[in-house]
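Side chains included, hydrogens not; waters and symmetry mates left out as well; all remaining heavy atoms used. Numbers restart at 1 for each chain; the letters A, B, ... are given by sequence-line order, proteins then strands.
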Protein chains: 2
Amino acid sequence: MPTSSIPAPSDTPQPRASRIQRRNRKRILDAALEVFSQHGYRGATLDQIATEAGLSKPNILYYFAGKEDIHVTLLNDLMDTWLAPMRQIDPQGDPMNEILRYVQRKLEMSREFPRESRLFANEILQGAPRMGPHLQTGLKPLVDDTAALIETWIAQGRLARVDPRHLIFSIWATTQHYADFGAQVQVLMDGGDGLDGASAFLDTLYRRLLTP
Amino acid sequence: MPTSSIPAPSDTPQPRASRIQRRNRKRILDAALEVFSQHGYRGATLDQIATEAGLSKPNILYYFAGKEDIHVTLLNDLMDTWLAPMRQIDPQGDPMNEILRYVQRKLEMSREFPRESRLFANEILQGAPRMGPHLQTGLKPLVDDTAALIETWIAQGRLARVDPRHLIFSIWATTQHYADFGAQVQVLMDGGDGLDGASAFLDTLYRRLLTP
DNA sequence: TCGTATCTTTACCAATTGGTAAAAAGCCAG
DNA sequence: CTGGCTTTTTACCAATTGGTAAAGATACGA
C-alpha cells in the first residue's frame, strides 16, 4: 500500500517525507479507515478521525487537503490489496484448485481486513461516487480477463458450464458477507463470526458447482 | 406494511388518521426511503427528504417526531416484507423446490425493492445500531426455525448435507448482491443489472449444492 | 357560513462540521 | 546555540443541519 500526494510536485528522487510525516499520515489513514468504515463517508467527521488518530483537527488538515482527500487516498491505497487475490489466479494451474483457493483467499480478507471490506461496501452502496473511474480502469479489465480465463477452462471441459461473471459475483458476495454483514451474522451465530464454518461450506458449494 | 405512531396514544378504534395524514406520511416515507437508501442515515438530511417529498422541513416534523423516527418507522414497516419470502417456505413442500423458490423470491426482491435492500444493508453495515432488537426478536427465531427445518430435510436424506445457517447466509449474500452492489455490477456487466443471468446461475448453483 | 381542528409556512435557533489564519512550539543542521 | 524549517496549537469562521415557536392558511362538520 503506497502512500501518496502531499508534496509530490513531480518526481524528486529524495526521501520526500520525513519520519514524522510518514508516521502521522499512517496514523491518520488508520484512524480514518476505522471511522469511515463504521459510519460511511458523510457519517464520519474530521473530529472523530482526529480523536482516533490522537491529533488535532487542524493538524490533520496539515497532512491532507481535506476530508475527501483522506477518503480518496484510502480507497486508492486499498485497491491493490483488494484485487490481489484475483491477480493470483494462475492460468497454468488446475482450474478447480485455482478457483477454490481464490474463494479461500477472499474469505481470508474478510477475516483480516473487515474494515477495508466495509469501506468498499459503503462506497459501492452509495453508487461509487468517488470510485467510478477506479472500477472502470482497475477492476473491469481484471474481471474481463478472469472471466475469459474461466471460459477457456470451461471450453476445455475442466470446469462445469457456468456464467463466469455471475460466478465471480457470487464469490464476492458470499465471502464479503461475513465482513460487511458481520453484525447480522453475529446475532444469528450467537456471537461467533462464522468464518470457520464458512470456509468449509464455501469449499463444498463451489466444488459441487464447478465439478464438470 | 402497517403505518404507525403519530397520535397512537393507546387504542382508539376511530379512523385515527385523516386522508391528508395518510397521503403525506406515505410521501415522506417514500422520499425518506429514497434518500436514506442512497446516503445512509447520517448522510441523509431532512431538507433532502423534504424536497423529495415536496413538503417543507417543518411540515415533515409535523408528521414525524424527528429524523430518527422516520428511519425507525421505515425499518419497522419493512421488516415484514423483508422476511416474507422465508416465511413462505413450506415445511410440507418438496425440499429442493422450496429452497430454489426461496432463492428466486429473494432475487425478485432485489429487482423490486432495491432501495429497501440498500436501506437494510446500510443499517447492518453500520452495526445495526437501530435494529439490534429487531434482529433478535424478529429475524433470529425465524432463521432458527428455518435452519431446523432444513436440518430435518437433510436428516431425511432429501437434501445434501450442508450447514443450514451458512446456506441461508449464502442465499442472502448472492441475491442481495445485485441490489446492494448494483453500481459495481452495472460497471462489470456493461450497464445491465445482471438479474436475468443471476436467476439461471443461482438455480444451477443451489441445485448442484443441494442435490443429495 | 361559521368555528374549530387540522395542516402549512415563516422566521428563527443552537450545535455541529469542514476548513482557515496565524501564532507558538519543536526540531535539527551548521 | 542559533536561525530557519517543520509541525502543532489556538482561536476563529461560514455553512449546514436537526429542530422549534408561532402565526397563517385550509378543510370540514354542524
Side-chain angles (χ1 to χ4, degrees), chain A residues 3 5-9 12 14-29 31-36 38-75 126 129-130, chain B residues 3 5-9 12 14-29 31-36 38-75 126 129-130:
Chain A
T3 41
S5 45
I6 228 192
T12 28
Q14 268 80 33
R16 40 156 59 73
S18 73
R19 217 173 313 116
I20 294 181
Q21 257 184 51
R22 272 193 300 275
R23 173 175 54 85
N24 281 354
R25 280 183 62 94
K26 198 169 187 176
R27 277 188 191 171
I28 293 168
L29 288 176
L33 175 60
E34 184 72 28
V35 177
F36 279 133
Q38 222 165 91
H39 305 286
Y41 179 74
R42 294 205 47 191
T45 71
L46 285 179
D47 285 295
Q48 281 176 285
I49 296 173
T51 301
E52 182 86 19
L55 298 172
S56 68
K57 183 169 63 174
N59 201 5
I60 279 187
L61 293 168
Y62 171 76
Y63 290 101
F64 288 90
K67 187 183 178 183
E68 177 138 12
D69 184 29
I70 302 177
H71 194 248
V72 169
T73 301
L74 267 182
L75 252 22
Q126 270 143 52
R130 278 166 273 276
Chain B
T3 40
S5 42
I6 228 190
T12 27
Q14 268 78 33
R16 42 156 55 76
S18 73
R19 219 173 311 115
I20 293 181
Q21 254 184 55
R22 273 193 301 274
R23 173 172 56 84
N24 281 352
R25 280 182 63 93
K26 198 169 189 178
R27 278 187 191 172
I28 293 168
L29 288 175
L33 175 59
E34 184 73 27
V35 176
F36 279 134
Q38 222 166 91
H39 304 287
Y41 180 74
R42 295 205 47 190
T45 71
L46 284 180
D47 287 294
Q48 281 177 285
I49 296 173
T51 301
E52 183 85 19
L55 299 172
S56 68
K57 184 169 62 175
N59 201 6
I60 280 187
L61 293 168
Y62 171 75
Y63 290 101
F64 288 91
K67 186 183 177 181
E68 178 137 12
D69 184 29
I70 301 177
H71 195 247
V72 169
T73 301
L74 268 182
L75 252 21
Q126 270 143 53
R130 277 165 273 276

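- Judged as a salt bridge (charged side-chain N to carboxylate O under 4.0 Å, His left out), and not counting sequence neighbours, B:Arg23 has no contacts.
- For the contact set between residues 46-61 of chain B and DNA chain C, defined by any heavy atom under 4.0 Å, the members are B:Ser56, B:Pro58, B:Asn59.
- Following rounding to the nearest Å, B:Arg22 (CZ) and C:dT6 (C1') show an atom-to-atom distance of 14 Å.
- Rounding to the nearest 0.5 Å places NZ of A:Lys26 at 15.0 Å from OH of A:Tyr63.
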Discussion item. Side chain to side chain contact (heavy atoms under 4.5 Å, CB included) for A:Arg27 and A:Asn24? Distances and angles first, verdict last.
Written reply: CA-CA 5 Å; A:Arg27 277 188 191 171; A:Asn24 281 354; 4.0 Å; yes
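- Among the heavy atoms of the strands, none lies under 4.0 Å from B:Arg23.
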Practice prompt. Begin with the C-alpha distance, continue with both residues' side-chain angles, and end with the deciding distance and a verdict on side chain to side chain contact (heavy atoms under 4.5 Å, CB included) for B:Ile70 and B:Phe36.
Written response: CA-CA 10 Å; B:Ile70 301 177; B:Phe36 279 134; 4.1 Å; yes
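- Here the range on DNA chain D touched by chain A, meaning any atom under 4.0 Å from one of its heavy atoms, is D:dT6 to D:dT17.
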Donor-acceptor pairs under 3.5 angstrom involving side-chain atoms of residues 46-55 of chain B: please list them, not counting sequence neighbours.
unit_1, atom_1, unit_2, atom_2, d
B:Gln48, OE1, B:Thr45, N, 3.0
B:Gln48, OE1, B:Thr45, OG1, 3.3
B:Gln48, NE2, B:His39, NE2, 3.3
B:Thr51, OG1, B:Asp47, O, 3.0

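- Here B:Gln21 does not reach the OP1 or OP2 of C:dT6: none of its side-chain N or O atoms lies under 4.0 Å away.
- Judged as a side-chain hydrogen bond (donor to acceptor under 3.5 Å, both in side chains), and not counting sequence neighbours, the contacts of A:Glu34 are A:Gln38, A:Arg115.
- When heavy atoms are screened at a 4.0 angstrom cut-off, B:Ala65 is found touching no nucleic acid atom at all.
- Remark: A:Lys67 qualifies as a cation-pi partner of A:Tyr41 under the 6.0 Å distance and 45° angle criteria applied to the six-membered ring.
- Paired with A:Leu74 under the rule side chain to side chain contact (heavy atoms under 4.5 Å, CB included), one option of A:Asp69, A:Ile28, A:Leu29 passes, and it is A:Leu29.
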